[in-house]
Student: 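The structure is given below, and queries will be raised subsequently.
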Amino acid sequence: MEKQIPLKYFAYAITPSAVAMAAVHNTDGHQFATHLPLVDIKFDFENGNFTLEGDWHFLMASNRHVEQSWYSCHRERVKI
């Protein structure tokens, strides 16, 4: 039996596109950085690290349980 190599690292990004931006109701004139991904997610299973970086407005628009007041919590990008 062959030795299986476990998943060590996984990265996923959502780039700005017409489809992704259609989900965002931009009522306050928020400008998105078109040179950066809307969401950038990285799992480093080998070292036990998780990183999520993204535009706050896009993250809130992707949340089904968002309250309107949450949009004003941050104006730019957030990193977790």
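Every value quoted in this text rests on a predicted model; they were computed, and no experiment measured them.
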Student: To the nearest 0.5 Å, tell me how far H57 NE2 sits from E76 CD.
Tutor: 8.5 Å

Student: With a 4.5 Å cut-off on side-chain heavy atoms, are K79 and T51 touching?
Tutor: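 Yes, side chains in contact.
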
Student: Counting only pairs under 3.5 Å, give me each side-chain donor-acceptor contact of residues 35-43, with atom names and distances, residues two or more places apart or in other chains.
Tutor:
none

Student: Tell me the salt bridge (Lys or Arg N to Asp or Glu O under 4.0 Å) pairs involving residues 55-71, sequence neighbours left out?
Tutor: none

Student: Do the side chains of F45 and Y9 get nearer than 4.5 Å, heavy atoms only?
Tutor: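 Y9 vs F45: side chains apart.
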
Student: Would you please name every residue forming a side-chain hydrogen bond (donor to acceptor under 3.5 Å, both in side chains) with N47, sequence neighbours left out?
Tutor: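 In terms of side-chain hydrogen bond (donor to acceptor under 3.5 Å, both in side chains), with neighbours along the sequence ignored, N47 is linked to D44.
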
